[in-house]
Amino acid sequence: MDEADFTGTRIGQAPQASAGLGTNYDIISNKLSVSVDWNYYANLWGIAEPEDALIPNYQPEKLKPYSLFDLGAYYNFDFGDSKIQLNGNIYNVLDHEYISQKDNYGYFYGNGLTWNVAVKYLF
C-alpha cells in the first residue's frame with residue numbers, strides 16, 4: 001500500500017497572504033460614523049485530498065487572488081444616561097464574484113453582497 005506524502009504540497013482552504021486597509025470617519029462627533037474597508041487575499045490553493053498525495057509532485061490548483069470592499073456606519077441615540085447604537089454593514093459592496101476554494105468536487109464561490117443591521121444598548 002502506498003503512503004500519502006504531502007511534503008511540499010501547498011495548503012488549501014485559506015489564503016497564504018492577505019492585506020487590508022480601512023478608515024473610519026466621524027460625520028457627527030460621537031453620533032454618526034462611517035467606515036470603508038478593503039481586503040486583499042492571495043496565494044490561494046485548492047484543497048489537497050489524501051489520494052492526491054499519491055501523485056508524484058502533486059500541487060493543488062492555484063486560485064486567482066481577489067479584493068473585497070466593505071462599508072459600515074453607526075449612529076448613537078441618547079437614552080437617558082445610556083445610548084442606543086444602530087449599526088449597519090454592507091459586505092462585498094461591489095458584489096464581486098470570486099472563488100474562495102476548490103476541491104475534487106468543484107469550485108466554491110464566495111459570498112456576494114451581504115448586509116446586516118444591529119441595535120446595541122450601551123450602558
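The chain is numbered in sequence order, starting from 1.
- In this structure a side-chain-to-backbone donor-acceptor pair under 3.5 Å is present from D95 to L113.
- Residues D103 and F108 have side chains in contact (heavy-atom distance under 4.5 Å, counting atoms from C-beta outward).
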- [ ] Tell me, with the steps shown, if Y40 and S18 meet side-chain contact (heavy atoms from CB on, under 4.5 Å).
- [x] CA-CA 5 Å; Y40 175 74; S18 62; over 6 Å; no
Listing, residues 21-28 side-chain donor-acceptor contacts under 3.5 Å, not counting sequence neighbours, or none:
residue, atom, partner, partner atom, Å
N24, OD1, S33, OG, 2.8
N24, ND2, S33, OG, 3.4
D26, OD1, S33, OG, 3.3

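- Considering CZ of F69 and NE2 of H96, their distance stands at 10.0 Å, rounded to 0.5 Å.
- A donor-acceptor pair is defined here as one N or O able to donate and one able to accept, closer than 3.5 Å; such a pair exists between the side chain of N92 and the backbone of N111.
- Q59 and N57 form no side-chain donor-acceptor contact under 3.5 Å, judged by distance and modelled atom types alone.
- Summarising the hydrophobic clusters (Ile, Leu, Val, Met, Phe, Trp, Tyr; side-chain heavy atoms under 4.5 Å, direct or chained), the residues clustered with Y107 are Y41, L44, L63, Y66, L68, Y98, I99, Y109.
- Using a 4.5 Å heavy-atom threshold, the side chains of L122 and I84 count as separate.
- In the displayed structure, F77 atom CZ is contacted under 6.0 Å by more than 12 heavy atoms of other residues, nucleotides or ligands.
- Considering all non-hydrogen atoms of both residues, G110 and S100 come closest at N-OG, 3.9 Å.
- Residues satisfying the side chain to side chain contact (heavy atoms under 4.5 Å, CB included) criterion with Q13, sequence neighbours excluded, are I47, Q101.
- The hydrophobic clustering, which links ILVMFWY residues whose side-chain heavy atoms are closer than 4.5 Å, places Y74 and V36 apart.
- The environment of NZ in K120 is sparse: at most 12 heavy-atom neighbours from other residues, nucleotides or ligands sit within 6.0 Å.
- The heavy-atom pair separating R10 from P60 by the smallest distance is O-CG, 3.7 Å.
- In this structure, Y58 is not a member of the same hydrophobic cluster as Y105, with clusters built from ILVMFWY side-chain heavy atoms closer than 4.5 Å.
- Heavy atoms from other residues, nucleotides or ligands lying under 6.0 Å from CH2 of W115 number 12 at most.
- Remark: the Q85 side chain and the N76 side chain contain an N/O donor-acceptor pair separated by less than 3.5 Å.
- N89 pairs in a side chain to side chain donor-acceptor pair (under 3.5 Å) with only one of the listed residues (N116, T114, D70), which is N116.
- When side chains are defined from C-beta on, Y91 does not count as touching L71, because their heavy atoms never get closer than 4.5 Å.
- V34 and Y75 fall within the same hydrophobic cluster, where Ile, Leu, Val, Met, Phe, Trp and Tyr residues are linked whenever their side-chain heavy atoms come under 4.5 Å apart, directly or through other members.
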